[in-house]
Amino acid sequence: MADPSVPATSGASAQTSAPASVPALDRALIEEAAKKSALVWVRGPRGPERALWHVWHDGAVCLVGDGPAEQPLDALGLVDGATATVTARSKDKGGLLAVWPARVAELPPGGEEWRAAAAELAGKRLNAPDATTIAERWARECRVLRLEPAGALLQGPGSMPDGPRAAVPLPTPATTRRPVPAGLPRLLRRGRRGRTEG
């Protein structure tokens with residue numbers, strides 16, 4: 001196991017790439033939660049918390065976005081050097097499992113770290129119209145980010161908040177479907193009978 005007093009270096013293994021300020025048990029839970037869930041909820045410096053698909057690679061949550069047909073990252077203020085809060089759920093029960101602070105690092109396109117993260121992301125990208133050339137498109141049009149754990153868990157087993165955690169729905173012009181008028185089914189049945197008899 002890595003010595004937590006040794007600072008992490010770029011390109012290190014998953015166990016040593018997290019900062020020394022992340023306790024070993026927290027780091028293990030963060031890694032397990034992120035590996036098992038296809039989505040994490042991310043709150044950046046601006047914008048509401050948003051569910052984003054990701055992969056866990058080399059000790060960090062890796063994301064791709066901001067290009068056509070990819071998830072929006074800039075709207076959350078996820079830029080190089082920013083901080084974010086990452087939330088993961090339990091795969092078994094679907095409830096909140098862990099919340100941790102993260103530091104955002106943008107990988108320069110074409111670099112070794114970028115290629116490794118892009119390869120992992122490409123393997124998990126569903127329904128891509130250009131699966132064979134997706135990395136080239138990402139290099140031209142998108143950003144690949146690492147959300148590296150940057151401290152102890154903010155919430156986790158034994159430190160969950162009391163009360164409901166349901167988010168207030170965002171304002172929308174959409175409305176709930178209204179009940180079908182009581183006479184409509186009868187009218188439809190008459191119409192069908194009329195067509196068969198005629």
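What you find for Ala105 and Asp80 is that their closest heavy atoms are CA-OD1, 3.2 Å. Across every non-hydrogen atom of Gly77 and Pro45, the tightest pair is O-CD, 3.3 Å. Nearest approach of Arg137 to Asp130, heavy atoms of both residues: NE-OD2, 2.6 Å.
Contact check on Asp74 versus Arg46 returns a salt bridge, with a Lys/Arg side-chain nitrogen under 4.0 Å from an Asp/Glu carboxylate oxygen.
When hydrophobic clusters are built by joining Ile, Leu, Val, Met, Phe, Trp and Tyr residues whose side-chain heavy atoms come closer than 4.5 Å, directly or via intermediates, Val61 is not grouped with Val55. Grouping the Ile, Leu, Val, Met, Phe, Trp and Tyr side chains by contacts below 4.5 angstrom, directly or via other members, places Trp138 apart from Val104. Trp41 and Leu63 fall into different hydrophobic clusters, where Ile, Leu, Val, Met, Phe, Trp and Tyr are joined by side-chain heavy atoms under 4.5 Å apart, directly or via other members.
In this structure, the separation between CD on Glu148 and OG1 on Thr83 is 13.0 Å, given to the nearest 0.5 Å. Taking NZ from Lys35 and NE2 from His54, the interatomic distance works out to 11.0 Å, rounded to the nearest 0.5 Å.
Checked by atom type and distance alone, the side chain of Glu31 never pairs as donor or acceptor with a backbone atom of Gly59 at under 3.5 Å. When atom types are taken as modelled, the side chain of Asp26 and the backbone of Leu153 share a donor-acceptor pair closer than 3.5 angstrom. Checked by atom type and distance alone, the side chain of Arg146 pairs as donor or acceptor with a backbone atom of His57 at under 3.5 Å.
Of the residues Leu145, Leu78, Thr87, the one that meets the side-chain contact (heavy atoms from CB on, under 4.5 Å) test with Val42 is Leu78.
A 6.0 Å sphere centred on CD of Glu141 holds more than 12 heavy atoms belonging to other residues, nucleotides or ligands. The environment of CG in Leu154 is crowded: more than 12 heavy-atom neighbours from other residues, nucleotides or ligands sit within 6.0 Å.
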